[in-house]
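Each chain gets a letter, A, B and so on, in the order its sequence line appears, and its residues count up from 1.
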Amino acid sequence: MIDWSPIILTFRLATVTTIFLFILSIPLANWLAHTSSRLKPFIETLVAMPLVLPPTVLGFYLLIAFSPGNSFGLWLDVTFGLRLVFSFQGLVLGSIIYSLPFMVHPIQSGLTNLPKSLRESSYVLGKSRFQTLMKVLLPNIKPSIITGIVLSFAHTMGEFGVVLMIGGNIPEETRVASIAIYDQVESLNYGEAHVYSIVLILIAFAILLLIYTLNRSYFKRWWV
Amino acid sequence: MIRIEITKLLKGAQGPFTLSAQMDVNEGGITVLTGPSGAGKTSVLRMISGLMRPDAGIIMVGDDTWFHSGQKINRPPQKRAIGYVFQEYALFPNMTVRQNLKFALQKSQQPSIIDEVIEIMGLVRLQDEKPMNLSGGQKQRVALSRAIVQMPKVLLLDEPLSALDRAMRIQLQDYLHEIQRSYQMSVILVTHDISEIFKLANHVVSIQNGVIVNAGTPQEVFSDHNLAGKFQFTGEVVKLETQDFLMIITVLIGSQTIRVIGDQSEHRELKIGDHVLVASKAFNPIIRKLS
């Protein structure tokens, strides 16, 4: 009987990561879309770094940073009882960093493309920045928000390098589908590798088909 | 009295220039800002509203100081009690007409004002529509309505009618006049349209390259006293033809074209697209009532 736990774990990881990313990315994307700060290019670069770097680089440094063998990792362990290497929490953190551009970019570009006058007319009507964001800006960039959510979810599902570096291969804890496939192939269990792979292909296809169908015109705008 | 004394370095199409404007606006009237594109008219509105910060100066409305660079006072736009109608309407696409107006409601206000404004502005039948389904004129009517819901002391309008056709424009001018009279707001309006200025303005301020070049009543600003013209119109040159020593100039005035014959040497500098004054000095025009 095939072990479904890697698939379930993959979904759990993608869901938790997407929720955290969403909460984190709204203020970050809003700041990036409207700031004139000199820091902006640096922050934008940092956000986009995972697009360029091999995931192993990120995984390697996270592994070093969170290892209880060094002071920061030890401090986290002692103070919060939080061990971020070879644990689900560590995977979530790694995935958040790794999928950050996939959430921030669509939301930022959605906000940037809204006419400036929408924000300004809300301000002159006496509304604060926060009220303006929640009631005027975000409701008018729903397609971008959906794109960000779906892409982050899908991207986290497809993650391999970061997970391998800081998560390892612990059943029910860090063995996500992509790792399980690798593991099965190593053990020459091609049958199970096929099952995991086909499930991932179908899910990825379904998600991308959904997003292209729902929001074709918007998707093109920033993807191409 | 609204006192405006502002300077600001602006980036224009022909490089940076300094906007330096001093004007006193009487409360409860319609003041028009006019002048060529890029003269700084919109920037003046933006600085009054708090959306743009002047480099230096004072903005006072009655006894309220909205901006004072010396005293480091700069009220945010949220606290200035202004209505601002943007050229591109800026209606919130996610809200219906009624919700757009409701969004403008201030905490201290009675919600009944919304029904009142919807009634006055003739929006009863449109109140549940989303802005996407409205025509340009309807959108502008909603934008104007939304700006007056909070009963602003000062209503700023940035070429609100320029994108509309003539009939719609005249209707909205009437609405604007009506609102200004019933609510006694101080209106500052940016427009290029001279007939609009004559129709609405109590006071005209003409700005060029960031400097006020002329101010007064529409008659004082736009009538050339040296010209004893019996009538005069402004229009745009659409066609130039030369025949021997003569030049036939076709001018578009409103929706009519008029051909004027002139001396070639006198009109050598005219180009298509120039704004010109067409006046008659010698003939007594015919006047006939239209049924």
(request) Would you mind reporting whether B:Pro54 and B:Thr7 have side-chain heavy atoms less than 4.5 Å apart? (result) no
(request) Answer yes or no: is there a side-chain heavy-atom contact under 4.5 Å between A:Leu28 and A:Gln108? (result) no
(request) Decide yes or no for A:Leu84 and A:Leu62: does some side-chain heavy atom of the first lie under 4.5 Å from some side-chain heavy atom of the second? (result) no
(request) List the steps, then state whether side-chain contact (heavy atoms from CB on, under 4.5 Å) holds for A:Glu44 with A:Val47. (result) CA-CA 5 Å; A:Glu44 275 185 312; A:Val47 170; 5.8 Å; no
(request) Would you please test B:Asp64 and B:Arg75 for side-chain contact (heavy atoms from CB on, under 4.5 Å) and show each step? (result) CA-CA 10 Å; B:Asp64 272 356; B:Arg75 255 199 227 184; 3.6 Å; yes
(request) Would you mind checking which part of A:Lys135 comes under 4.5 Å of any heavy atom in chain B, side chain (CB onward), backbone (N, CA, C, O), both or neither? (result) both
(message) If you count heavy-atom pairs within less than 4.5 Å of chain A, which of B:Gln106, B:Lys107, B:Arg80 leads?
(response) B:Gln106
(message) Testing the 3.5 Å rule here: is there a donor-acceptor pair between the side chains of A:Ser95 and A:Thr156?
(response) no
(request) Looking only at non-hydrogen atoms, find the nearest pair between B:Ile6 and B:Ile58 and report the distance. (result) CG2-O, 4.5 Å
(request) Give, as side chain, backbone, both or neither, the part of B:Phe92 having an atom under 4.5 angstrom from any heavy atom of chain A. (result) both
(request) Would you mind reporting whether A:His34 and A:Leu137 have side-chain heavy atoms less than 4.5 Å apart? (result) yes
(request) Take atom CZ of A:Phe86 as the centre, draw a 6.0 Å sphere, and report whether it contains more than 12 heavy atoms from other residues, nucleotides or ligands. (result) yes
(request) Indicate yes or no: at least one non-hydrogen side-chain atom of B:Phe67 is less than 4.5 angstrom from one of B:Arg53. (result) yes
(message) Between A:Thr17 and A:Ser152, is there a side-chain heavy-atom distance shorter than 4.5 Å?
(response) no
(message) If we count only N and O atoms by modelled type, under 3.5 Å, do the side chains of A:Ser5 and A:Asp3 hold a donor and an acceptor together?
(response) yes
(request) Using a heavy-atom cutoff of under 4.5 Å, enumerate the residues of residues 115-126 of chain B that contact chain A, numbered in order, or state 'none'. (result) none
(message) Do B:Lys130 and B:Pro93 make a side-chain contact, defined as non-hydrogen atoms from C-beta onward lying under 4.5 Å apart?
(response) no
(request) Tell me the residues of residues 132-156 of chain B whose non-hydrogen atoms fall below 4.5 Å from those of chain A, in number order. (result) B:Arg146, B:Gln150
(request) Could you walk me through whether A:Glu172 and A:Phe88 pass side-chain contact (heavy atoms from CB on, under 4.5 Å), step by step? (result) CA-CA 9 Å; A:Glu172 313 264 324; A:Phe88 184 72; over 6 Å; no
(request) Name, in order of residue number, those residues of residues 117-131 of chain A that have a heavy atom at a distance of less than 4.5 Å from a heavy atom in chain B; otherwise write 'none'. (result) A:Ser117, A:Leu118, A:Glu120, A:Ser121, A:Ser122, A:Tyr123, A:Val124, A:Leu125, A:Gly126, A:Lys127, A:Ser128, A:Arg129
(request) Kindly check if the number of other-residue, nucleotide or ligand heavy atoms within 6.0 Å of NZ (A:Lys40) is above 12? (result) yes
(request) Check whether more than 12 heavy atoms from other residues, nucleotides or ligands sit under 6.0 Å from atom CE of B:Met60, and answer yes or no. (result) yes
(request) With a 4.5 Å heavy-atom cut-off (strictly below), which parts of residues 14-43 of chain B touch chain A? List them by number. (result) none
(message) Please determine whether side-chain contact (heavy atoms from CB on, under 4.5 Å) holds for the pair A:Met103 and A:Thr18, giving the CA-CA distance in whole Å, both sets of side-chain angles, and the decisive distance to 0.1 Å.
(response) CA-CA 8 Å; A:Met103 185 70 92; A:Thr18 306; 4.0 Å; yes
(message) Are the side chains of A:Gln89 and A:Glu173 in contact, using a 4.5 Å heavy-atom criterion?
(response) yes
(request) Heavy-atom distances under 4.5 Å only: say whether B:Phe103 touches chain A with side chain, backbone, both or neither. (result) both
